[in-house]
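Letters go in sequence order (proteins before strands), and every chain restarts at 1.
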Amino acid sequence: MVNPAGPPARPFDDDPLFGDAVPAPGPKPGGIAARALGHGRQPVYLEGLNPEQRRAVETVEGPVLVLAGAGTGKTRVLTTRIAHIIASGLAQPYQILAVTFTNKAAREMKHRIAALIGGSAEGMNWLGTFHAIGTRILRRHAELAGLRSDFTILDTDDQLRLMKQIIQAENLDEKRWPARQLAQLIDGWKNRGLTPDKVPAGDGAGFANGRGQALYALYQARLKMLNATDFGDLLVEPIRIFRQHPDVLADYQRRFRYMLVDEYQDTNTAQYLWLRLLAQNNTNICCVGDDDQSIYGWRGAEVDNILRFERDFPGAVVIRLERNYRSTAPILAAASHLIAHNEGRLGKTLFTEARDPEAAPVTVASAWDSTEEARSIGDEIESLQRKGESLDQIAILMRASFQMREFEDRFVTLGLPYRVVGGPRFYERAEIRDALAYFRATVQPADDLAFERIVNTPRRGLGDATLQICHDFARARQMPLMAAAAHLVETDELKPKARTTLRALLQAFAHWRSLLDDKPHHEVAEIILDESGYTEMWKQDRSADAPGRLENLKELIRSMQDFESLAGFLEHIALVTDTENEAGQEAVTLMTLHAAKGLEFNTVFLPGWEEGLFPHQRALDEGGRSGLEEERRLAYVGLTRARRRAYVWFASNRRVHGLWQTTVPSRFLDELPEAHVEVRESGGAGGYGGYGASRFDRSDSFGSSYSTPGWERARERTREAGAGGRAGGRPLSGPAQRLRGGATIEGELVAKSVVENPSAFTKGGRVFHQKFGNGTVAAIDGNKLTVDFDKAGRKKVLDSFLERL
DNA sequence: GGATCTTTACTTTTT
DNA sequence: GTAAAGATCC
């Protein structure tokens with residue numbers, strides 16, 4: 001749910017479609033219009049829009065596709081368009097359907113609309129993510145999907161456990177047919193909007209000897225029994241309802257006078273079908289997107305949806321937004337030139353009116369290995385910092401998250417504050433999920449998965465044996481686990497000890513449930529965690545992260561207070577997997593390219609442009625040409641995040657699955673326009689395009705400066721650590737701010753020394769290299785050696801490539 | 001039930 | 001190489 005103030009405690013609120021036809025509270029259209037219309041001239045909200053943007057805002061009737069290139073004011077158009085529709089009295093806020101992919105985007109839209117039309121976006125009940133809106137629809141017509149309206153939404157973890165149970169129940173070898181794989185298969189079907197009966201014959205024949213489809217059906221049946229859905233169902237079930245109940249569909253079609261879709265290039269087939277159904281009789285649909293920024297094909301997004309728009313919606317008006325307000329001319333030129341290598345795009349040419357003679361070209365630089373890459377980028381960031389650039393305006397965007405580690409290590413050493421975006425989420429942590437399972441089982445006694453998760457957490461002697469008996473009993477009688485347990489404690493099927501414990505647990509749940517009637521839910525939540533012994537369990541835990549976990553639990557209770565009820569809170573977190581990242585201190589941002597979409601920074605570093613990593617080998621292997629094109633779009637997204645400076649890096653050596661490998665610079669480098677790119681080459685030799693081994697022969701590639709502020713800081717820190725107690729403490733203003741994003745760096749503040757075995761090689765010693773032959777060691781720097789090869793001359797090589805002679 | 005050994009993956013990830 | 005999850009052993 002997007003709006004924490006409106007949890008589903010009252011799922012059918014102020015909705016004329018199903019209740020009384022009372023218009024949403026709030027200002028009448030005339031009132032808003034009067035305010036927004038300035039003084040009889042054009043409405044204030046239209047001021048400052050360029051002609052294309054204005055056209056996209058004002059063309060409200062009929063299908064419209066807005067192709068919005070990076071940084072062309074997409075969100076502005078979307079929000080202004082909604083404001084315009086409301087202010088002109090064309091529709092009430094609740095008659096507008098506006099869908100986004102992420103909660104963040106929905107939130108931002110809400111804010112911006114409110115700012116535009118003055119007052120609030122109150123009444124925009126249908127602005128939200130596909131999933132939030134799908135949930136809303138499904139709760140209303142739950143009975144048509146074989147559910148009760150208080151159904152639970154399972155997360156991936158629950159899903160997986162459920163599938164595992166099904167695989168076991170079917171006597172399949174879980175090793176041979178892992179639940180993960182089944183989950184992927186079913187996910188794929190759901191992405192395509194396929195219910196078990198619609199799965200094409202032979203689809204997924206590779207799984208469990210063609211039983212995939214049957215397992216899917218079993219899984220769905222099991223979900224219904226648990227009164228639960230998974231994420232996919234939030235789309236697939238409404239589609240099914242729309243198809244099977246034309247009257248229901250017609251109601252929604254009547255209701256949604258205007259429809260808007262954000263990030264259309266990311267829609268999957270199910271989302272597309274959902275939209276098509278709703279737009280059948282009323283084609284006031286406006287999709288905004290950028291085919292060049294489609295980077296989620298791997299999870300079912302169909303770029304084709306956007307490419308096909310004009311065919312799907314005859315008479316569609318296509319509006320291109322190509323005027324970029326974000327980046328300098330060289331950055332745009334580089335990004336445009338790169339993306340032009342893709343075929344099958346709708347084609348846009350970004351331009352800017354900014355004519356900054358100082359604008360820096362895109363820089364391409366190289367490092368010997370990933371460690372040096374991190375070191376050099378760290379140095380560069382410090383130098384920018386000295387010039388007054390805010391760390392908040394600097395980001396390192398990488399292809400894969402494993403690349404982050406090297407940067408983290410380096411920044412910890414430098415004492416450079418950084419922030420990791422993404423990574424393990426708050427609500428996915430074990431302690432949070434355990435706590436939530438307690439709450440779920442309290443609110444929803446039929447939630448078997450929740451109950452199962454915590455019956456024996458903390459350990460109370462209710463192990464597999466007891467649970468198995470409960471399961472058998474429950475299955476035989478088709479009842480939830482807790483109900484089965486309630487029966488069993490009255491019999492002597494369980495061992496006396498287990499029986500007593502189980503009875504006490506069931507009584508505790510009943511007690512907590514009753515407390516909900518007369519105490520605020522967050523207090524009850526705290527009582528649950530205390531009385532169940534869960535808090536105590538972590539207090540007893542001596543491991544390093546136990547205090548953090550307790551802190552997280554406190555945070556969980558705190559955040560519950562913003563909600564009306566426990567059920568409302570649970571719904572919120574089922575749909576929202578992230579909490580706001582508080583800004584905190586200035587820090588460099590580290591994230592994946594995928595996570596960077598929609599963001600912008602003054603300075604962007606793009607490390608790891610090497611074949612195999614970027615474009616990623618697996619994307620090439622599995623996706624072929626289209627895989628490569630998606631990778632290229634990812635590169636395009638990366639470059640276009642930069643406002644003023646973009647630095648592209650590649651390393652000649654990188655550890656892949658534990659082994660050092662020599663890498664080849666990414667083909668994307670060759671696709672950058674020479675005129676707007678500067679190859680940083682201290683050696684001087686070799687022009688653009690020549691990334692041969694020769695470039696690494698320059699002698700200054702290792703020992704960089706040892707007088708940088710970071711190095712000084714690091715040295716001080718080492719001294720402090722040595723003097724004052726344990727070195728594991730968190731630096732006061734230092735890095736390690738993985739805000740909620742993941743584990744705080746416990747442990748070493750100083751990067752591990754690269755010197756593992758300094759005695760293995762000696763200066764002047766004779767060595768052998770596979771490629772360069774025999775040579776004499778001239779210098780040693782950690783695990784990097786300078787060797788004078790008899791035939792190949794002086795080279796810098798990693799010790800792992802050498803053999804002592 | 002806990003400790004230790006073994007296996008496995010290892011791109012991207014929202015809802 | 002590494003980390004987490006699973007399996008096995010005491």
Side-chain angles (χ1 to χ4, degrees), chain A residues 1-2 99-106 128-135 138 153-157 159-160 164 174-175 178-181 183-184 187 190-191 229-236 262-263 266-268 270-271 294-301 370 397-406 421-425 427-428 430 456-465 571-578 591-598 608 612-623 627 630-631 633-635 637-638 654-661 742-743 752 756 800:
Chain A
M1 275 286 152
V2 172
V99 269
T100 63
F101 274 85
T102 63
N103 292 294
K104 200 174 147 210
T129 62
F130 275 101
H131 295 267
I133 290 170
T135 308
L138 193 52
I153 301 165
L154 301 187
D155 60 26
T156 351
D157 214 69
Q159 255 179 72
L160 227 50
K164 205 169 195 173
E174 330 164 46
K175 285 226 168 119
R180 298 196 56 122
Q181 210 180 317
Q184 265 183 338
D187 235 39
K190 289 191 174 180
N191 282 338
T229 65
D230 61 18
F231 283 119
D233 287 341
L234 299 177
L235 291 166
V236 176
D262 190 16
E263 306 276 19
D266 287 339
T267 49
N268 61 31
Q271 285 154 340
S294 161
I295 54 175
Y296 286 109
W298 51 274
R299 64 177 195 210
S370 45
L397 311 179
M398 44 223 128
R399 176 67 247 266
S401 38
F402 74 80
Q403 290 172 263
M404 280 184 203
R405 208 188 150 140
E406 212 120 25
V421 175
R425 275 144 226 293
Y427 293 121
E428 279 165 20
N456 206 28
T457 313
R459 301 236 184 300
R460 38 172 85 89
L462 298 173
D464 288 347
E571 164 118 350
H572 168 80
I573 48 186
L575 291 173
V576 176
T577 43
D578 221 348
M591 61 182 151
T592 63
L593 287 160
H594 284 91
K597 193 163 76 154
L613 176 58
F614 193 34
H616 199 277
Q617 193 55 48
R618 227 157 120 175
L620 301 178
D621 292 346
E622 286 164 22
E630 183 154 313
E631 295 287 293
R633 290 193 290 267
L634 206 45
V637 167
R654 190 176 292 275
R655 211 162 34 190
V656 182
H657 302 327
L659 298 166
W660 280 100
Q661 307 235 276
K752 280 173 244 149
E756 270 124 44
S800 51

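- In this structure A:Arg654 satisfies the salt bridge (charged side-chain N to carboxylate O under 4.0 Å, His left out) test together with A:Glu373, A:Glu610, sequence neighbours excluded.
- Per the geometry, CD belonging to A:Glu174 stands 17 Å off P belonging to B:dT7, to the nearest Å.
- For the OP1/OP2 pair of C:dG1 and a distance below 4.0 Å, the side-chain nitrogens and oxygens of A:Arg654 include no atom meeting the criterion.
- Considering only heavy atoms from C-beta on, A:Phe614 stays 4.5 Å or farther from A:Gln403 through its side chain.
- The aromatic rings of A:Trp298 and A:His594 sit perpendicular, their planes meeting at an angle over 60°, well past the 30° parallel limit.
- For A:Leu397 against A:Gly638, the heavy-atom pair with the smallest separation is CD1-O, 4.1 Å.
- Atom C1' of nucleotide B:dT14 and atom CG of A:Leu235 are separated by 11 Å, given to the nearest angstrom.
- Helical stems in DNA chain B, defined as runs of 3 or more consecutive Watson-Crick or G-U wobble pairs with both donor-acceptor distances under 3.5 Å, are listed by first residue as B:1-10 with C:1-10.
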Dump the intermediate steps for salt bridge (Lys or Arg N to Asp or Glu O under 4.0 Å) on A:Arg180 and A:Asp187, then the final yes or no.
-> CA-CA 10 Å; A:Arg180 298 196 56 122; A:Asp187 235 39; over 6 Å; no

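- Atom CG in A:Asp155 sits about 14 Å away from atom C1' in B:dT13, given to the nearest Å.
- Formation of a donor-acceptor pair under 3.5 Å by the A:Gln271 side chain with backbone atoms of A:Asn268 is found in this model.
- Spacing between atom CG of A:Asp262 and atom P of B:dT14 amounts to 16 Å, rounded to whole angstrom units.
- Looking at A:Asn191, its side chain does come within 3.5 Å of a backbone N or O of A:Arg299 through a donor-acceptor pair.
- Contact between the side-chain N/O atoms of A:Lys190 and the OP1/OP2 oxygens of B:dT15 is not found at any separation under 4.0 Å.
- Nucleotides B:dT12 and C:dA3 have their P atoms positioned 16 Å apart, rounded to a whole Å.
- A:Glu630 places a side-chain N or O within 3.5 Å of a backbone atom of A:Gly297 that can act as its donor or acceptor partner.
- For A:Val236, the side chain to side chain contact (heavy atoms under 4.5 Å, CB included) partners at least two apart in sequence or on another chain are A:Lys190, A:Thr195.
- B:dT13 atom P lies 11 Å from atom CE of A:Met398, rounded to whole Å.
- The side chain to side chain contact (heavy atoms under 4.5 Å, CB included) check on A:Asp262 picks up A:Lys74, A:Leu78, A:Thr100, A:Ala105, with sequence neighbours excluded.
- As rounded to whole Å, 12 Å separates atom C1' of B:dT13 from atom CG of A:Asn191.
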Polar atoms only, N or O, under 3.5 Å: list the protein pairs with nucleotides 2-5 of chain B and their distances.
from, atom 1, to, atom 2, distance (Å)
B:dG2, OP2, A:Arg459, NE, 2.7
B:dG2, OP2, A:Arg459, NH2, 3.4

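- Although no hydrogens or angles enter the test, the distance criterion places a donor-acceptor pair under 3.5 Å between the side chain of A:Asn103 and the main chain of A:Leu575.
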Tabulate protein N/O versus nucleotide N/O from nucleotides 8-12 of chain B, keeping only pairs under 3.5 Å, one per line.
from, atom 1, to, atom 2, distance (Å)
B:dT11, OP1, A:Arg618, NH1, 2.5
B:dT11, O4', A:His616, NE2, 3.2
B:dT11, O2, A:Arg399, NH1, 2.7
B:dT11, O2, A:Arg399, NH2, 2.2
B:dT12, OP1, A:Ser401, N, 2.6
B:dT12, OP1, A:Ser401, OG, 2.1
B:dT12, O4', A:Arg399, NH2, 3.2
B:dT12, O2, A:Trp298, NE1, 3.2
B:dT12, O2, A:Arg399, NH2, 2.8

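- Between the side chains of A:Gln159 and A:Asp155, not a single donor N or O lies within less than 3.5 Å of an accepting N or O.
- Separating the CE atom of A:Met591 from the P atom of B:dT13 is a distance of 11 Å, rounded to the nearest angstrom.
- Annotation: of the two residues near DNA chain B, A:Gly461 and A:Thr156, the 5′-most nearest-nucleotide partner is A:Gly461.
- OP1 or OP2 of B:dT14 has not a single side-chain nitrogen or oxygen of A:Asn103 nearer than 4.0 Å.
- The NZ atom of A:Lys104 sits 10 Å away from the P atom of B:dT15 (whole-angstrom rounding).
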